[in-house]
Amino acid sequence: MKIGSHTLKNNLIVAPMAGVTDRPFRQLCKSMGAGMAVSEMVSSNSLLWGSEKTRRRANHEGEVDPISVQIAGADPAMMAEAARYNVAQGAQIIDINMGCPAKKICNVMAGSALLQDPPLVGRILDAVIGAVSVPVTLKIRTGWDTQHKNALSIARIAENAGIQALAIHGRTRACAYTGHAEYDTIAAVKAEVRIPVVANGDITTPEKAKHVLDYTGADAVMIGRAAQGRPWIFREINHYLATGSHLPLPEVAEIHRVLVAHLHDLYGFYGEYSGVRIARKHISWYTKGLVGSAGFRHAMNQLQSTDQQLSAVNDFFSELAGYGRRLTYVEAEELVA
């Protein structure tokens with residue numbers, strides 16, 4: 001799949017997730033098979049660009065190409081300036097957020113709230129595309145609510161503006177993350193536009209990835225929550241799409257190494273105080289459903305230092321290895337929970 005001049009190594013993309021797709025997580029997913037990873041969104045409010053959080057989000061040191069940065073906002077001029085700022089910081093692709101359902105985003109008419117104002121969508125796209133020389137992509141939902149699904153008309157605006165790829169989450173803003181994603185709207189958009197279309201929503205297994213690609217005709221799939229604590233899902237899907245067969249569950253020793261390396265990356269990126277706290281959710285995701293993990297995950301939230309965290313993780317994986325060479329889950333369905 002191509003986005004502008006960038007050819008992705010495959011058609012598996014990490015979805016932008018606030019508080020999750022930081023540089024350590026993006027790098028990890030790319031190393032485990034993702035073709036691209038989109039950053040957590042950066043505000044278009046220039047007053048925030050000097051903040052530590054925004055500077056960290058714009059830090060792409062050592063990151064594997066292509067570097068895609070998502071920006072959010074509702075003012076065309078501010079969005080254009082945000083695009084220029086992030087390209088200056090190393091962004092090679094600018095992604096525009098018109099899919100976030102969060103109230104704090106929609107209340108300022110950004111994110112998926114913009115789907116209610118197609119003329120403003122057009123002005124934002126024109127402003128951003130005109131401001132930078134790198135490819136610009138767009139992420140949307142199927143519409144504001146089930147009575148107002150307008151993904152097809154927004155897609156036409158995007159294509160005419162020069163958007164290089166369009167990601168669609170198969171839910172409306174009103175649906176947030178409840179219920180089930182639908183793929184008919186994505187298929188309808190793909191049939192009408194010539195730009196690459198990326199399908200997103202409820203892609204949790206290799207089989208589901210293949211089904212969604214086949215059903216929608218999409219050029220790629222975007223995976224979000226299913227990659228939390230399971231970054232190896234990308235190599236699993238790659239293998240399944242190529243062979244029709246499943247990889248065995250990962251070995252305990254490998255995932256132990258992966259998690260410890262991820263923790264060190266988080267500590268280095270955020271510092272000890274924030275790193276320990278951000279690491280907690282990742283440790284919980286990695287170990288969810290594994291034999292003996294319930295008590296471990298509860299105790300993890302009480303630990304205050306990197307040394308305590310690492311020691312607890314080492315002890316847990318040593319115990320886990322006693323159950324077998326490969327990861328052992330309490331119940332199979334917890335693999336995709």
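No hydrogens, no waters, no symmetry mates; every other heavy atom, side chains included, goes into these values.
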Side-chain donor/acceptor of S284 to backbone N/O of R280, under 3.5 Å
no
Indicate, with yes or no, if F317 and Y323 share a hydrophobic cluster defined by side-chain heavy-atom contacts under 4.5 Å among Ile, Leu, Val, Met, Phe, Trp and Tyr.
yes
Using atom types as modelled and distance alone, determine if a side-chain donor or acceptor of T178 lies under 3.5 Å from a backbone N or O of C175.
yes
Distance col, row T7:OG1 vs D65:CG, nearest 0.5 angstrom, shows 12.0 Å
Please determine whether the number of non-hydrogen atoms from other residues, nucleotides or ligands lying under 6.0 Å from atom NZ of K210 exceeds 12.
no
Identify whether M222 and I186 are in the same connected component of the hydrophobic contact network (ILVMFWY, side-chain heavy atoms under 4.5 Å).
no
Let me check something: do I129 and L138 share a hydrophobic cluster, defined by ILVMFWY side-chain heavy atoms less than 4.5 Å apart, either directly or through other members?
yes
Between K190 and E159, is a salt bridge (charged side-chain N to carboxylate O under 4.0 Å, His left out) present by the stated rule, with each step listed?
CA-CA 11 Å; K190 175 58 189 172; E159 183 173 39; over 6 Å; no
Against H148, only a single residue in D145, N150, T146 fulfils side chain to side chain donor-acceptor pair (under 3.5 Å); can you say which?
D145
Distance-minimising heavy-atom pair for A131 and R84:
CB-NH1, 3.2 Å
Side chain to side chain, V38 and V14, heavy atoms closer than 4.5 Å
no
Polar contact flag, side-chain donor to acceptor under 3.5 angstrom, S245-H239
yes
Around atom NZ of K53, are there more than 12 heavy atoms of other residues, nucleotides or ligands at under 6.0 Å?
no
Counting C-beta onward and ignoring hydrogens, is there a side-chain heavy-atom pair between I157 and P118 closer than 4.5 Å?
yes
Steps toward side chain to side chain contact (heavy atoms under 4.5 Å, CB included) verdict (L241, N11):
CA-CA 10 Å; L241 293 177; N11 58 352; 4.2 Å; yes
Expected output: side-chain K139 to main-chain A15 donor-acceptor under 3.5 Å
no
Quick check: is W285 connected to F234 through a chain of hydrophobic side chains (ILVMFWY, heavy atoms under 4.5 Å apart)?
yes
Six-ring centre of F25, R23 cation under 6.0 angstrom, axis tolerance 45°:
no
Any side-chain heavy atom of I233 sitting closer than 4.5 Å to one from E236?
yes
Closest non-hydrogen atoms of P66 and L8, given as atom of the first, atom of the second and distance, are CG-CD2, 3.7 Å
Output for pair (W232 CH2, Y286 OH), nearest 0.5 Å, gives 6.5 Å
Shortest non-hydrogen separation from M79 to S44 and the atoms involved
SD-CB, 3.6 Å
Electrostatic pair E182:K149 at N-O distance under 4.0 angstrom:
yes
Can a donor-acceptor pair be found, under 3.5 Å and without considering hydrogens, that links the side chain of E251 to the backbone of L327?
no
Rounded to the nearest 0.5 Å, what's the gap from CZ on F296 to CD1 on I283? Could you check?
5.5 Å
May I ask you to test the M98-I124 pair for a side-chain heavy-atom distance under 4.5 Å?
yes
If you count every heavy atom of other residues, nucleotides or ligands that lies below 6.0 Å from H211 atom NE2, does the total exceed 12?
yes
Donor-acceptor contact present, side-chain N238 to main-chain G33, <3.5 Å
yes
Give, for atom CG of D22 and atom CD of Q27, the distance between the pair rounded to the nearest 0.5 Å.
10.5 Å
Just by modelled atom types, is the E40 backbone N or O under 3.5 Å from a matching donor or acceptor in the Q70 side chain?
no
Joint hydrophobic cluster, L290 plus L263, side-chain heavy atoms closer than 4.5 Å:
yes
Side chain to side chain contact (heavy atoms under 4.5 Å, CB included) assessment of T216 paired with V197:
CA-CA 9 Å; T216 63; V197 172; over 6 Å; no
Check the pair R257, E254 against salt bridge (charged side-chain N to carboxylate O under 4.0 Å, His left out), reporting the backbone distance first and the verdict last.
CA-CA 5 Å; R257 288 194 303 272; E254 182 199 8; 5.6 Å; no
Minimum-distance pair of heavy atoms, taken over all atoms of P231 and C29:
CB-SG, 4.1 Å
Would H262 and H282 count as a close aromatic pair, with their ring centres under 6.0 Å?
yes
Between I3 and M36, is a side chain to side chain contact (heavy atoms under 4.5 Å, CB included) present by the stated rule, with each step listed?
CA-CA 10 Å; I3 299 177; M36 187 172 79; 3.7 Å; yes
Nearest 0.5 Å, please: how far is CZ in R230 from CD1 in I255?
10.5 Å
Taking the side chain as everything from C-beta on, heavy atoms only, tell me whether V313 gets closer than 4.5 Å to T287.
no
Neighbour count >12 (heavy atoms, 6.0 Å) for atom CD, E61
no
Return the minimal non-hydrogen interatomic distance between L303 and V276, and the atom names on each side.
O-CG1, 3.8 Å
Can you see which heavy atom on A34 is nearest to which on N10, and at what distance?
C-OD1, 3.9 Å
With R141 as the cation and Y177 as the aromatic partner, state whether NZ or CZ is under 6.0 Å from the six-membered ring centre and within 45° of the axis.
yes
For T137 and D95, which I'm curious about, is there any donor-acceptor pair between the side chains at under 3.5 Å?
yes
Could you tell me whether the side chain of S31 and the main chain of L28 form a donor-acceptor pair under 3.5 Å?
yes
Could you state the interatomic distance from CZ (R173) to CD1 (I140), rounded to the nearest 0.5 Å?
16.0 Å
With distance as the sole test, does N314 use its side chain to make a donor-acceptor pair with the main-chain N or O of L310 at under 3.5 Å?
yes
Do N200 and V221 come within less than 4.5 Å of each other through their side chains, counting heavy atoms only?
no
Considering only heavy atoms from C-beta outward, does the side chain of N97 approach that of I71 to under 4.5 Å?
no
Side chain to side chain donor-acceptor pair (under 3.5 Å) evaluation trace for R277 with Q304:
CA-CA 8 Å; R277 281 148 186 81; Q304 302 296 319; 2.8 Å; yes
Kindly indicate, with the supporting measurements, whether the criterion side chain to side chain contact (heavy atoms under 4.5 Å, CB included) is fulfilled by L166 and V193.
CA-CA 10 Å; L166 176 68; V193 300; 5.5 Å; no
Mind checking whether E207 and H246 have side chains closer than 4.5 Å, heavy atoms only?
yes
Under a 3.5 Å distance rule, please check whether R26 uses its side chain to pair with a backbone N or O of T21 as donor and acceptor.
yes
Could you check whether any side-chain N or O of Q92 sits under 3.5 Å from a backbone N or O of S68, counting only pairs where one atom can act as donor and the other as acceptor?
no
In a check of side-chain contact (heavy atoms from CB on, under 4.5 Å) between S39 and each of V69, I93, N59, which one passes?
V69
